[in-house]
Amino acid sequence: MDINVVNALTYEDFVKLFGNVVEKCPLIPAAIWSHLPFKDLADVEAHIREFIHSLPDSGKEGVLRCHPDLAGLDLQSGTLTRESQEEQSQAGMTTLDSAESLQMYTLNTEYKERFGFPFVICARLNSKADIVRQLSERLKNDRAAERERAVEEVTKICSLRLRNIFLSDIQTKL
Ligand SMILES: NC(=O)NC1=NC(=O)NC1=O
């Protein structure tokens, strides 16, 4: 997709197109719209990254809390967003056996109890085994380090979702 097409979008169409590049956080594209015109995809990504990194810790944790658990209730009840559904199924979260489901539930619960926000990882870049290993390892982090690590994963998820939009035809997205 041509960046000039993006720069010609109305505010409404801009947020319709980019509204879920950060899971359930349309505030973020709504905020970065002020920086129009963008030079290219990397410029859009840089402004999103800058917005998230400029948030206070409570704001960063709020962004993390907007993410559904991996293999959690939203997946089981079919209420994941389209992007999240695709990402979670790609990482094998939709084909866990009962032992694996219990393991994910137990680890996610322990993580949330420790940090007060959900475990977030870029599912597209990780296998089922990677996710379990990362979840177990990152549980040992302190809160500040883990918050930054999780935010880093949010920006990876965002980067892949942005690329997906830019590689697709804009008309099919509006
Ligand atoms: N808790 C999560 O990490 N959720 C997710 N990661 C993704 O890549 N997609 C999700 O829904």
Side-chain angles (χ1 to χ4, degrees), residues 15-29 32 41-42 44-46 48-49 51-53 55 57-168 173:
V15 175
K16 199 185 288 182
L17 187 62
F18 295 109
N20 205 44
V21 291
V22 177
E23 183 72 4
K24 296 188 180 167
C25 290
L27 164 72
I28 299 176
I32 68 151
L41 162 63
V44 177
E45 201 171 331
I48 291 173
R49 188 185 299 269
F51 180 91
I52 294 173
H53 284 293
L55 290 171
D57 290 346
S58 60
K60 287 175 181 167
E61 293 186 3
V63 170
L64 296 173
R65 292 187 192 110
C66 289
H67 287 70
D69 284 346
L70 289 168
L73 288 180
D74 279 328
L75 182 135
Q76 282 145 34
S77 56
T79 53
L80 288 175
T81 59
R82 177 182 56 75
E83 294 89 345
S84 181
Q85 179 67 44
E86 285 169 11
E87 289 151 357
Q88 294 212 26
S89 52
Q90 162 129 15
M93 293 295 111
T94 52
T95 55
L96 300 180
D97 63 30
S98 53
E100 289 167 328
S101 284
L102 180 60
Q103 183 185 34
M104 281 301 293
Y105 174 78
T106 307
L107 287 170
N108 272 325
T109 303
E110 191 182 341
Y111 182 100
K112 270 188 275 190
E113 281 169 1
R114 175 168 167 69
F115 296 115
F117 49 79
F119 173 74
V120 178
I121 192 169
C122 182
R124 281 194 187 280
L125 300 178
N126 289 279
S127 68
K128 189 164 53 174
D130 294 329
I131 288 170
V132 171
R133 187 179 321 110
Q134 286 276 329
L135 183 36
S136 308
E137 282 167 14
R138 285 171 45 186
L139 257 170
K140 301 166 194 158
N141 286 342
D142 67 42
R143 185 169 180 151
E146 184 50 26
R147 184 189 305 118
E148 289 315 305
R149 180 77 178 75
V151 165
E152 201 181 297
E153 291 299 312
V154 170
T155 53
K156 286 179 193 168
I157 297 167
C158 175
S159 175
L160 295 179
R161 289 185 181 186
L162 275 171
R163 271 159 184 67
N164 195 29
I165 292 169
F166 272 77
L167 291 176
S168 67
K173 291 275 184 180

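Counting begins at 1 with the first residue of the sequence. Indexing begins at 1, ligand by ligand and atom by atom, following the structure's order. Nothing here was measured: the structure is a model prediction, and the numbers come from that model.
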Participant: Got an N/O contact under 3.5 Å between Glu87 and ligand 1?
Facilitator: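 Looking only at distances, the answer is yes, because the N/O contact criterion of under 3.5 Å is met.
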Participant: Please list, in number order, the atoms of ligand 1 under 4.0 Å from a heavy atom of Ile157.
Facilitator: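 Under 4.0 Å from Ile157, ligand 1 has these atoms: 6 (N), 7 (C), 8 (O).
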Participant: Distance-only, no hydrogens or angles: does the Ser84 side chain make a donor-acceptor pair with backbone N or O of Thr81 under 3.5 Å?
Facilitator: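 Side chain of Ser84 to backbone of Thr81: no pair is present.
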Participant: Do other residues, nucleotides or ligands put more than 12 heavy atoms under 6.0 Å from the CG atom of Leu139?
Facilitator: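 For Leu139, atom CG is crowded (more than 12 foreign heavy atoms under 6.0 Å).
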Participant: Going by distance only, is there an N or O of Val120 that falls short of 3.5 Å from an N or O of ligand 1?
Facilitator: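 Looking only at distances, the answer is no, because the N/O contact criterion of under 3.5 Å is not met.
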Participant: To check your reading of the model: name the closest protein heavy atom to atom 8 (O) of ligand 1, its residue, and the distance in Å.
Facilitator: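 Atom 8 (O) of ligand 1 sits closest to the protein heavy atom Ala123 N, 2.9 Å.
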Participant: Any Lys/Arg nitrogen of Arg49 or Glu45 sitting under 4.0 Å from an Asp/Glu carboxylate oxygen of the other?
Facilitator: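 Here Arg49 pairs with Glu45 in a salt bridge, since their nearest N and O are under 4.0 Å apart.
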Participant: Is it the side chain (CB and beyond), the backbone, both or neither of Gln88 that lies under 4.0 Å from ligand 1, heavy atoms counted?
Facilitator: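 For Gln88, only side-chain atoms sit under 4.0 Å from ligand 1.
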Participant: In the protein, which heavy atom is nearest to atom 10 (C) of ligand 1, and how far is it?
Facilitator: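 The closest one turns out to be Ser84 OG, 3.6 Å.
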Participant: Can you report which non-hydrogen protein atom sits closest to atom 6 (N) of ligand 1, along with the distance?
Facilitator: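 Sorting protein heavy atoms by distance from atom 6 (N) of ligand 1 puts Ile121 O, 2.8 Å first.
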Participant: Are any non-hydrogen side-chain atoms of Asp69 and Tyr105 less than 4.5 angstrom apart?
Facilitator: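 A side-chain contact is absent here, since even the closest heavy-atom pair is not under 4.5 Å.
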Participant: For the pair Arg143 and Glu61, evaluate salt bridge (Lys or Arg N to Asp or Glu O under 4.0 Å) and give the outcome as yes or no after the intermediate values.
Facilitator: CA-CA 11 Å; Arg143 185 169 180 151; Glu61 293 186 3; 2.6 Å; yes
Participant: Spell out, as yes or no, whether a donor-acceptor pair under 3.5 Å connects the side chain of Asn108 to the backbone of Leu70.
Facilitator: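 Checked: pair present.
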Participant: Quick check: Phe119 and ligand 1, any N/O pair under 3.5 Å apart?
Facilitator: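 Looking only at distances, the answer is yes, because the N/O contact criterion of under 3.5 Å is met.
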Participant: Starting from atom 5 (C) of ligand 1, find the nearest protein heavy-atom neighbour and note its residue, name and distance.
Facilitator: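 Looking only at protein heavy atoms, the one closest to atom 5 (C) of ligand 1 is Leu70 CD2, 3.7 Å.
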Participant: Tell me the contacting part of Pro68 for ligand 1: side chain, backbone, both, or neither, using a 4.0 Å heavy-atom threshold, strictly below.
Facilitator: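 Both of them.
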Participant: Using a strict cut-off of less than 4.0 Å between a Lys/Arg side-chain nitrogen and an Asp/Glu carboxylate oxygen, indicate whether Glu146 and Arg114 qualify as a salt bridge.
Facilitator: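 Salt bridge: no.
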Participant: Is there a heavy atom in Cys122 that sits closer than 4.0 Å to ligand 1?
Facilitator: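 Under 4.0 Å: yes for Cys122.
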Participant: Is Lys156 salt-bridged to Glu153, cutoff N-O under 4.0 Å?
Facilitator: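 The answer is yes: the pair qualifies as a salt bridge.
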